[in-house]
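The block underneath contains the structure these notes are about, expressed in structure tokens.
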Amino acid sequence: MEKIRYLCSMKYLPTLLLAAALWCCTAHAARPISSPNRRITLTVNAGEYQIRYGGQPVLNIASTGISSPQAIAARPKYSKSVSVDYEMLSGKRRHCTNRGREYVAEIEKGVRLVIRLFNDGIAFRYELSGVTRPPQEHTAYRIEEGTRRWMQRWTEAYEALFPLSTTGASKDHHWAYPALLEPTDGVFVLLTEANIERGMSASSLHNDTSDDLFRVVAAQNETTLDGNWHTPWRVAIIGSLADVVASTLVTDLSNPSQLTDTSWIHPGVAAWVYWAYNHGSNDYNIIKKYVDLAVKLHLPYVLIDAEWDEMKDGKRIEDAIEYATRQGIHPMIWYNSSVGWVNGAPGPKYRLNKPEDREREFAWCERLGITGVKIDFFSGDNQMNMDYYIDLLECAARHHLTVNFHGATLPRGWQRTYPHMLTTEAVYGAEWYNNVPTFTAKAAAHNATLPFTRNVVGPMDYTPCAFSDSQHPHITTHAHELALTVLFESGIQHLADRPESFLSQPKEVQQFLGQLPVVWDDTRLVGGHPGEYAILARRSGNTWYVAGINGTDQTKTLTLDLRFLGKGHLATIFADSGKGDTPWDIQTAAPIPQEMTCQARGGFLMVIPTQK
């Protein structure tokens, strides 16, 4: 009899084990971990982490792991509350705060998966012990085919478009951050990463094994570790488009600045030679024109671009610097990083690579009165480049130089850690009117996508506001171009056009450019949809700036919900007249309208003073 009972129990053992396993999974799924407001939850479901927003599934983390892919088997344990409260010197919001909950899962021996859930998203990283080399990571996101997404193919300089698609199929299966998804109507997820430290490489997304499985793949890293290490934060900003645009999660997760004196860091607007004169920075007289423009428009800066080391007509860069500083204009100058495009590229080259050369060069800049450096042509996201960026930032700080990285990687929170890094390129911007005819037809829709993608994660040196044409024409309107100066956030806003064009604009436009803020106390999305239109409101002090653009080829009437401003305010409104000979429609002391009709590829800008 005992033998029969034993055999019966053995017969049903697999069934009992399966039932127990299902019960465990159900128990875990029934007890999700959540953000403080409980809108964002994470559960274990079918061997994956399922992230929900308002009860709707929005993203699955298909695998985690370091030594090998790990099926999700355990609910993370609650660890602690986390909060941040800090000030930014530039960016979408001066005073940033956030609260979250941190959970920890022991996924392998010596490997902890640390997960933080905030009200505006989720972040996680691996913390390791007992390692001497950065190991391979096995994080993968599952993005179902059919999901609407705006994703950029990966390039070293992050200069590509964000076309709308519903598939992960591509030629190279390699994608850049940030990646914007709309997994369900009206709910968006923006994938990126944050807090690259010395000894780390940046990562990107590969879906080479399956169109719907996007692996997080770190670039080459050959550093030697002392035992303890962690990865950068893998970040998903989650919520409405307004939540995504307003989020500061990337800087919330990044290391605070260690600078004790930041009094020398002054964001501002610059006159910029290159867009109109690709080789103008070796010509003293052309530089002089842009210095004079800065004086007339009351701009603080002029940027002298590539080839200043080959000045013509017996002039030297010192002559141009002396002229600018004598006029009260602060000069910034360009360098080739000499790790990316070197052969055939412009100079100066090889002045920043060795520590001793870098110190000497930046000391020379400081002595001459140069206030910032633009450093160009990097070669990817590997650990060598990441460390080189940090070397440059640390040396620049010692010599009170602000920094603008071009031909460079995406900002991943360095604008908080190194507040003198006022902007980076990493965008398919107005410079592309110089390169190929493609941008002419694509620019309006692309411009209406960037506020929801690239510019969410950090400052963007798009170099906006061109009323005239470069090598290839633009078909966006004057008001569209002016709106970009507010719509796009950058700690140094480089105005692209030639002096004659700016000085031929109405006095109201010139006055606006001379008073343009680049540091914002608040940023709000008023309305928009990627590629179609975008309306942002930004506040500087007691003044709100509302910028809107139409990304389509048809006239569009845009609704303005500005009730948060209160009643009784008047605005200066810059809009398009639709007339070729007099393109502007400018109203002063005008009531705030409830809607604006924008012509094809058009735009508008409002300046609205308010009281506290």
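Residues take their numbers from the sequence shown, with the count starting at 1. Only heavy atoms go into these numbers, but all of them, side chains included; no hydrogens, no water, no symmetry mates. Small disclaimer: the values here were computed from a predicted structure and weren't measured.
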Self-check item: Ring centroid separation W341 to F377 under 6.0 Å
Solution: yes
Quiz item: After noting the C-alpha distance and the side-chain angles of H480 and N550, does the key distance pass the side chain to side chain donor-acceptor pair (under 3.5 Å) rule?
Solution: CA-CA 8 Å; H480 181 116; N550 179 4; over 6 Å; no
Quiz item: Does the E193 side chain pair with the main chain of S203, one donor and one acceptor, at a distance under 3.5 Å?
Solution: yes
Quiz item: Regarding H399 and E359, is there a side-chain donor-to-acceptor distance under 3.5 Å anywhere?
Solution: yes
Quiz item: When the ring planes of Y428 and H446 are compared, do they come out parallel, tilted or perpendicular, using 30° and 60° as the limits?
Solution: perpendicular
Quiz prompt | Ring centroid separation H478 to F467 under 6.0 Å | solution = yes
Practice problem: Using the test salt bridge (Lys or Arg N to Asp or Glu O under 4.0 Å), find all partners of E322 that sit at least two apart in sequence or belong to another chain. | Solution: R326
Quiz item: Does the side chain of F405 reach to within under 4.5 Å of the side chain of L422, using non-hydrogen atoms?
Solution: no
Exercise. Kindly give the heavy-atom pair with the smallest separation between M386 and T409, and that separation in Å.
Key: CE-CG2, 3.9 Å
Practice problem: Indicate yes or no for a side-chain donor-acceptor contact from T223 to the backbone of G199 under 3.5 Å, with no hydrogens or angles considered. | Solution: no
Practice problem: Determine whether the aromatic ring centres of Y274 and W334 lie less than 6.0 Å apart. | Solution: no
Quiz prompt | Partners meeting ring pair (Phe, Tyr, Trp, His ring centres under 6.0 Å) with H174 (sequence neighbours left out) | solution = W154, H206
Quiz item: How far apart are the C-alpha atoms of S201 and N382, what are their side-chain angles, what is the distance that settles it, and do they pass the side chain to side chain donor-acceptor pair (under 3.5 Å) test?
Solution: CA-CA 5 Å; S201 61; N382 60 34; over 6 Å; no
Practice problem: Could you tell me whether a side-chain N or O of R153 sits under 3.5 Å from a main-chain N or O of A176, the two making a donor and an acceptor? | Solution: no
Self-check item: Non-hydrogen atoms of A324 and P331 that approach each other most closely
Solution: CB-CB, 4.3 Å
Quiz prompt | Residue pairs involving residues 491-500 (criterion side chain to side chain donor-acceptor pair (under 3.5 Å); sequence neighbours excluded) | solution = K289-E500, D461-H494, S468-D497, S468-R498, D497-S501
Quiz item: Just by distance, do the side chain of S247 and the backbone of V245 share a donor-acceptor pair under 3.5 Å?
Solution: no
Quiz item: Does the ring centre of F378 sit less than 6.0 Å away from the ring centre of Y389?
Solution: yes
Quiz item: Aromatic ring centroids of Y284 and W308 under 6.0 Å?
Solution: no
